[in-house]
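Here's the structure we're looking at; comments come further down.
Chain naming here is simple, since letters A, B, ... match the order of the sequence lines and numbering starts at 1 in each.
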Number of protein chains: 2
Amino acid sequence: MVTRRPTRDDVAREAGTSSAVVSYVINHGPRPVSEQTRRKVLDAIRRTGYVPNNIAKSLANGTSDTYALLVTDLANPFLAQMTKALEHKLFSLGKTLLVGDSSDDPSRQMELLESFQRQQVSGLVWYGVDQPLPMDALETYPGTVVMLNQPEGQELSPSAGRRVRLGLDESEEARMATAHLIGHGYQKLAIIAGPRERLNSRERIRGWKRAIRESGLEPGQEIFVPYTCQGGYEAAELVDDQVEAVFASNELQAMGFLAGMAQRDKKVPDDVALAAMNGTDQSAYLIPSLTAVQLSEDEIADKIAKVLLKPDGAYQDTGDDGDDKPGGYETSVAPTNRSDAPVRTGLGTIPAAPQLVIGRSCGCSQNEV
Amino acid sequence: MVTRRPTRDDVAREAGTSSAVVSYVINHGPRPVSEQTRRKVLDAIRRTGYVPNNIAKSLANGTSDTYALLVTDLANPFLAQMTKALEHKLFSLGKTLLVGDSSDDPSRQMELLESFQRQQVSGLVWYGVDQPLPMDALETYPGTVVMLNQPEGQELSPSAGRRVRLGLDESEEARMATAHLIGHGYQKLAIIAGPRERLNSRERIRGWKRAIRESGLEPGQEIFVPYTCQGGYEAAELVDDQVEAVFASNELQAMGFLAGMAQRDKKVPDDVALAAMNGTDQSAYLIPSLTAVQLSEDEIADKIAKVLLKPDGAYQDTGDDGDDKPGGYETSVAPTNRSDAPVRTGLGTIPAAPQLVIGRSCGCSQNEV
DNA sequence: CTGAAAGCGCTTACAG
DNA sequence: CTGAAAGCGCTTACAG
C-alpha cells in the first residue's frame with residue numbers, strides 16, 4: 001500500500017491497459033476506446049481514487065486552464081462582485097481562477113503580473129493601477145488579456161497585442177449618473193473623485209464634465225479623496241455649501257459620504273442629492289438608497305470568458321445589438337473570409353451596457369423605495 | 001528568432017553553461033555557483049527575457065506554491081476582506097492564490113474541492129457550506145487544510161487529518177456581541193439568524209443563547225433569513241414589536257436591517273438596538289454606525305499562512321498569549337522532544353481574538369461617532 | 001564549481 | 001482499438 005497519490009500509471013496497471021488508453025478515456029479522445037476497456041478504466045479510477053494531475057497535464061499541453069484576475073481592491077464591492085461572477089463563469093467552464101490584489105501599488109501590480117506569468121495562466125483580466133500604465137507589459141503578455149479599465153491617452157498600439165481587449169467606458173458611466181442629476185434641475189454639481197494623480201480619477205471627471213457641458217452648465221467643485229468609505233466621509237466635510245448635487249466615483253465613496261452627511265445632520269437628497277457609479281446590490285440598502293449606474297457583473301463575466309477562451313482571442317458580440325454607439329469596434333476590419341489566416345489586429349471593445357438604477361439619493365420618487 | 005517563450009535551456013545556451021547551473025542560480029542553490037558564472041547566467045536571463053515556468057517546477061518538485069481559498073460568498077464584505085488579507089500574505093511569501101465561491105451550494109463546493117486537488121494546491125483554506133459537512137473529504141484532503149468555520153457536532157476524527165486545523169469560534173463571537181447588548185439593559189432580545197437548516201446558523205444562535213442565559217434572561221425571537229442585505233431587510237418586517245435589541249449574524253444582514261428600519265421610520269438604537277458579528281471596515285459607515293464584533297483579517301491571514309506553510313502542518317502560536325481560554329489546544333500533547341518523529345495528531349485551533357468595535361447602533365455614546 | 005541524465009505525470013503522434 | 005516511447009520544462013542526486 002503506497003501512500004503517494006495514484007498516477008495514471010497506477011490506474012493503467014489496475015485496469016490492465018496502457019496509460020495512453022487511460023488518457024483517452026479521461027479526455028474522451030483523441031483516440032476511440034472500446035466500451036469494454038472504457039469500463040475497465042473507469043472502474044480502476046474509482047478503485048484507486050485517482051485524481052488527474054493538472055500540473056502535469058498543463059506541462060504536456062503547453063497550456064493551463066487557469067486564468068488570473070488582477071484588481072486594485074478585492075474589498076471594493078464592485079470588484080468583489082466582479083470576482084465572484086468571473087469565478088462562477090470560469091468554474092462552469094472547468095477553469096480555475098487565480099486572484100491578485102494590487103492595492104493600487106504599481107510595483108505590486110507588476111510583480112503580480114509576473115507571478116501569474118510564471119504560473120502559466122492562459123489569460124489575464126486586469127483592472128489596473130494606472131499611474132504609468134504598464135502598456136508594454138500588457139501588450140506583450142503571453143495569453144489573452146482583457147483590460148477592464150483603460151484611461152484615455154493610454155491606448156494600445158494596434159500592432160502590439162493581437163490578443164488584447166479593451167473594456168468598460170468609465171467616463172460614460174460618470175456621464176450617465178451626472179446627467180441624471182442634472183435632469184432633476186440641480187445646477188451646482190460637485191464630484192467626489194479618486195486621488196488626483198490617478199488617471200482613472202480624471203476619466204470619471206471627464207464624464208462628469210461632459211454631462212455638465214452638454215447641459216450648458218459649469219463644472220463645480222472637484223474633491224479628490226481615496227476610493228474608500230473614509231474618502232467619501234471626508235468629502236462630506238469638504239463639500240461646499242452651495243453644492244446641490246454630488247456625483248461619487250464609486251459606491252464606497254457614496255457610502256462614506258452618506259455617513260458623513262448624516263453625521264453633520266444634512267439630509268440626502270434634500271440638502272444635497274447624490275448619485276454614483278459602479279453601484280452594486282448593496283446600493284439599494286444604503287440610507288437613503290443609492291442612485292447609481294450599475295454594470296451587470298454576470299454579463300461582463302460572460303463576455304470576458306468568451307474572449308478569454310476563444311483560441312485566437314477574437315471578440316465578436318453574438319448579441320443582437322450592433323449600432324448602439326457611433327464609430328463602433330471592428331469597423332475597420334473588412335469582412336474577410338473566415339477560413340483565412342488570423343490576420344486580425346485583435347483589438348476590440350466589450351460593450352458593457354451600464355444601467356442607471358434609481359434609488360432615493362438623487363431625489364427621485366420620494367415616496368417608494 | 002523563435003516565437004515560443006524561452007526555456008531554461010535557451011538561457012543555458014545563451015550563457016554557455018548547463019541548464020543545471022541556471023537552476024542553481026535561480027533557486028540560490030542547492031549547489032554553489034561561482035560569481036562569474038552567476039553573472040553570465042543572470043545576463044542571459046535578462047537578454048532572453050526568460051520567465052521560469054512554475055508549472056514545470058511544480059511537477060518536478062512534487063509540490064506547488066499555490067493555495068486555495070474556498071468560501072461561501074466572495075461578495076460578503078468579511079469574506080472579501082479575508083480573501084484580500086490572505087492574498088496579500090501569500091503574495092508576500094511568493095505564493096499564489098486560487099479562489100472558489102461555493103455560493104452555499106454543497107455540490108458546487110465538492111466540485112471546487114476536487115478542482116483544487118487537480119490543480120495540486122499545497123493547501124486549502126475553507127469557509128464552508130455545512131449541510132452535511134464533507135468531513136471525509138476534508139480529512140483525507142492532500143495538503144494542509146485550514147477550516148475557518150466548524151460547527152459543533154462536526155468534529156474531526158483526531159486520527160484522520162493529521163494536517164487539518166480548526167478555526168474561528170463563531171458562537172463565541174455571537175455571545176460577545178449579545179452580551180454587550182445585554183449590558184445596555186435590554187431584556188427582550190431577538191436574533192437575525194441565517195437559514196434555518198444551516199449548521200452555522202445554529203452555531204450563532206447557540207452563542208446568542210449562551211449570553212442570554214448567562215444573564216438569567218430568556219431567549220426571544222429567532223428570525224431565519226438569508227445571510228444577505230435582503231435577508232436583513234426582511235427581518236426588519238418580521239421582528240416583533242416588543243423586541244428591544246437585535247443581534248445580526250453578519251454585516252450584510254445588519255445593513256439590510258438598518259435599511260428596513262429606516263424604511264419603516266423606526267430608529268436604531270432608540271426603537272431597537274442592534275449589534276452584529278463579522279463586522280468590517282464598512283461597519284463604521286453604516287447609519288447609524290454598527291456595533292459589531294470584528295476579527296482582524298490580517299492577523300488571521302498571518303496565522304493561516306503560518307499553518308499552511310509549515311512543512312508538517314503543526315500549529316504553534318508564537319504570540320505571547322497562552323491561557324486566555326480554558327482547556328486550550330495542544331494541551332494533550334506531552335512536551336516531547338522536538339527532534340522526534342512527527343507523531344502529532346495535528347489538530348489544533350487558531351485563536352482569532354474577536355474584538356468588539358463600538359458604534360452607535362447599540363446605544364452607546366449617542367454623542368460622538 | 002559544473003554537467004549529463006533521470007524523473008515528475010501527463011499527451012499524442014506513430015506503429016501495430 | 002491499443003501500446004511503447006518521446007517530449008513538455010523543470011530539479012537534483014551523481015560523477016566529474
| Yes or no on salt bridge (Lys or Arg N to Asp or Glu O under 4.0 Å) for Asp298(B) and Lys89(B), after CA distance, side-chain angles and deciding distance? | CA-CA 8 Å; Asp298(B) 287 329; Lys89(B) 187 64 191 173; over 6 Å; no
| message | Using modelled atom types and a 3.5 Å cut-off, is there a donor and acceptor pairing between side-chain atoms of Ser103(A) and backbone atoms of Asp105(A)? | response | no
| task | Pull out every residue in residues 8-24 of chain B that has a heavy atom closer than 4.0 Å to any atom of DNA chain D, ordered by number, or say none. | result | Arg8(B), Ala20(B), Ser23(B), Tyr24(B)
| Is the side chain of Tyr141(B) donor-acceptor paired with the backbone N or O of Leu113(B) at a distance under 3.5 Å, no angle test? | yes
| task | Would you check if Val33(A) and Thr17(A) make a side-chain contact, meaning some heavy-atom pair closer than 4.5 Å? | result | no
| task | Would you mind reporting whether Tyr67(B) and Leu309(B) have side-chain heavy atoms less than 4.5 Å apart? | result | yes
| task | Answer yes when Asp43(B) and Arg46(B) have at least one side-chain N-carboxylate O distance shorter than 4.0 Å, and no when they do not. | result | yes
| field | Ser92(B): partners by side chain to side chain donor-acceptor pair (under 3.5 Å), with sequence neighbours left out | value | none
| So, do Leu70(A) and Ser102(A) sit near enough that their side-chain heavy atoms are less than 4.5 Å apart? | yes
| DNA chain C: 5'-most and 3'-most nucleotides touching chain B, 4.0 angstrom heavy-atom criterion | dC1(C) to dG9(C)
| Are any of the side-chain nitrogens in Lys84(A) or Asp73(B) under 4.0 Å away from the carboxylate oxygens of its partner? | yes
| said: Among residues 30-38 of chain B, which ones have heavy-atom contacts with DNA chain C below 4.0 Å? | reply: Arg31(B), Pro32(B), Val33(B), Ser34(B), Thr37(B)
| message | Run the side chain to side chain contact (heavy atoms under 4.5 Å, CB included) test against Thr66(B) and tell me which residues pass, sequence neighbours left out. | response | Gln119(A), Ser64(B), Thr96(B), Leu98(B), Val121(B)
| remark: Parsed dot-bracket for DNA chain C after applying the Watson-Crick and G-U rules with both distances under 3.5 Å and | for other-strand partners is |||.||||||||.|||
| said: Quick one: does any side-chain atom of Glu87(B) pair with a main-chain N or O of Asp101(A) as donor and acceptor, under 3.5 Å? | reply: yes
| Residues Glu111(A), Arg108(A): salt bridge by 4.0 Å N-O rule | no
| request: Remember a base hit wins even if backbone is also touched, and classify Asn54(B) as base, sugar-phosphate or nothing at under 4.0 Å, heavy atoms. | output: nothing
| query | Met82(A) and side chain to side chain contact (heavy atoms under 4.5 Å, CB included): which partner among Val125(A), Leu69(A), Val71(A), Ile304(A)? | reply | Ile304(A)
| Between dT12(C) and dG16(C) - C1' atom distance, rounded Å | 16 Å
